[in-house]
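Report on the following structure.
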Amino acid sequence: MCGIVGYIGKRDVAPLLLEGLQRLEYRGYDSAGIVVTSPKAAGLKMVKAKGRVRDLEARVPKRFAGTTGIAHTRWATHGAPSDVNAHPHLDPENKVAVVHNGIVDNAAELRAKLEAEGVVFASETDTEVITHLIARSQADSLEEKVREALKHIEGTYGIAVMHADFNDRIVVARNGSPVVLGIGEKEMFVASDVAALVTHTRQVVTLDDGEMATLKADDFRTYTTSGASTNATPETVEWEAASYDMGGHDTYMHKEISEQPDAVDRVLRGRIDDRFSTVHLGGLNLDAREARSIRRIKILGCGTSYHAGLIGASLIEGMARIPADAEPASEFRYRNPVVDPDTLYIAVSQSGETYDVLAAVQELKRKGARVLGVVNVVGSAIAREADGGVYVHAGPEVCVVSTKCFTNTVVAFALLALHLGRIRDLSVTDGKRIIEGLRKLPGQIEEILKSEDEIEKLAAEYAGAQSMMFIGRVRGYPVALEASLKLKEISYIHAEAYPASELKHGPLALIEPALPTVAIVPDDDLLEKNRAALEEIKARSGRILAVAHQPQEKADHTIVVPKNEDELDPILMGIPLQLFAYHTALAMGRDIDKPRNLAKSVTVE
Ligand code: M6R
């Protein structure tokens, strides 16, 4: 949601910023805008457009030269998507330009106050109050003007500000919305996401909440909102520019599904300890004594990450015998939960930015809880806020729907479960067994990916359905939940997931030939129970597509996946259903990488 990109240096800034905005398109947006200037220019030049970055590009005039600029992709919160509501927002004198990610909670109150003082607003946005506050400040420097304005703001922001009277600099500030500086050779960049920076530099500074920065062409300075210097030093980002390319695939989703063998290999690399049949997780910050004293584990995440957390909870409970459960972070933080000092909380997030997860982490920390993060984006807000954690090392995920990150997150949970289990009561033999299973995963995923042609044919058969049911039992249930989410997100087919054990308690009423069921049927101790559910569906003339370790007699079709250890089977059983959702959506002509109404990072409530 919303993206910021900015540049100050010697290059022609507009093409650079437009390319940066394209790299942020995956986050989801509805309008875009750009403002530029240069040291010799008389003022600011701005273009905005509702729609895609290409619509903005088409409006940029031939004479739009500049060497300093900021640009934005907007996801509407206050005011509908429109040219005028797109960022940047300028003051009436065209001196101050602001782009903003986040939400100004007290915007209505500030707007009323400013209007009473005679300010005329051009847009319906919350952001415009920041522009007017900066423009009305009597302070001598741009930094001080921004600081004064921010004193009035309640809410979250990542902002970049330009001023016609201070056109040798861009001033940025962060509170709850990411701001990353890109440090170049006699040029500086700023963005809300490293994706917009890595083609130019891998030297970055991630601002903390309450931190500001001044960027000049050959210099940058970081300080707090109260003016104290923070002297931030650049770090090198591990993700390369090529990781953001499509790499010969037609969609990012297809690319990311195909990358899973390598991604899983990465999350395992360097972590397995054969000597003690365990794993090393360097960033956990939890010694053996502390690990032994945990009485309960609560996992929090949203969407796909919540589903990964459900599998994580069952892995932890199974291997470490610690009671564990998962809950949507968005629900947890609104029910005034009892925060127990003996409970370990784990926040799961691909982006590390999801507002509901971040807010839950902050609330837990405020109450003195210990919170770990299971996160993909290194240095992201949730990773920084947590007391320790495990990076899932899936590499950048660009498609709005999560695939490789889901798989890697579940593998990261398997590592955590093994680690905790081996500190507690998991035997060496079981530790070895799980390690062997983990090592088999990349090869087995390769094998599953080879069945893509077969899955594509099945998808074509089921693509006409109005609605689909997904069922699974115990370990299979979160797989069913995730597979149904994947299908609905990109095909827009209504899909619901139920525990197979609950069929008789209601959903069986829906079963008829027009409602196909996808059933997760692993070869484990529940095989016969799962088969009984298939019988029940067949007896009502329901069509069944099974994902199983062997062909299922009652199913109309079975996708056979390789068997691993029972605990690790859910990792493999989800993968053919990612391809199933993909090919169903493709057959229906959907915009797979950018499904309607969805954004990659949900940074607002
Ligand atoms: O970045 P996060 O993992 O915190 O994101 C959480 C959800 O918004 C995300 O998983 C969402 O459900 C995706 N669209 C799933 O495909």
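In listed order, ligands and their atoms are each counted from 1.
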Do H72 and N101 pair up side chain to side chain, a donor and an acceptor below 3.5 Å, judged on atom types alone? yes
Can N564 and Q444 be counted as having a side-chain donor-acceptor contact under 3.5 angstrom? yes
Counting only heavy atoms, which portion of K600 has something under 4.0 Å from ligand 1: side chain, backbone, both, or neither? neither
Show which atoms of ligand 1 fall inside a sub-4.0 Å distance from at least one heavy-atom site of T304. 10 (O), 12 (O), 15 (C), 16 (O)
Ignoring hydrogens and geometry beyond distance, is a side-chain donor-acceptor pair present between T73 and E25 at under 3.5 Å? no
Using a 4.0 Å cutoff against the non-hydrogen atoms of S351, which atoms of ligand 1 qualify? 1 (O), 2 (P), 4 (O)
Among protein heavy atoms, which sits nearest to atom 7 (C) of ligand 1, and what does the distance come to when rounded to 0.1 Å? C302 O, 3.6 Å
Any side-chain to backbone donor/acceptor pair from H419 onto V279? Under 3.5 Å, distance only. yes
Atoms of ligand 1 close to S402 [distance to a heavy atom under 4.0 angstrom, numbered from 1]: 15 (C), 16 (O)
S305 heavy atoms, cut-off 4.0 Å: which ligand 1 atoms fall inside? 2 (P), 3 (O), 10 (O)
In this structure, atom 8 (O) of ligand 1 is nearest to the protein heavy atom V602 CG2, 4.0 Å
Please list the nearest protein heavy atom to atom 2 (P) of ligand 1 with its residue and the distance rounded to 0.1 Å. T354 OG1, 3.2 Å
Taking atom 11 (C) of ligand 1 as the point of reference, which of Q578, E489, H307, Q350 owns the nearest heavy atom? E489
For ligand 1, which atoms sit closer than 4.0 Å to a heavy atom of V400? 13 (C), 14 (N)
Considering only heavy atoms, does K486 approach ligand 1 within less than 4.0 Å through its side chain, its backbone, both, or neither? side chain
Would Y582 and T403 count as having a side-chain donor-acceptor pair, cut-off 3.5 Å? no
In H254, E256, Q260, the residue satisfying side-chain hydrogen bond (donor to acceptor under 3.5 Å, both in side chains) with Q578 is Q260
Test item, L598 contacting ligand 1 (heavy atom, 4.0 angstrom): no
Could you grab the distance from atom CG of L17 to atom CZ of F189, nearest 0.5 Å is fine? 9.5 Å
Examine distances only and state if a side-chain atom of R271 and a backbone atom of V267 form a donor-acceptor pair shorter than 3.5 Å. yes
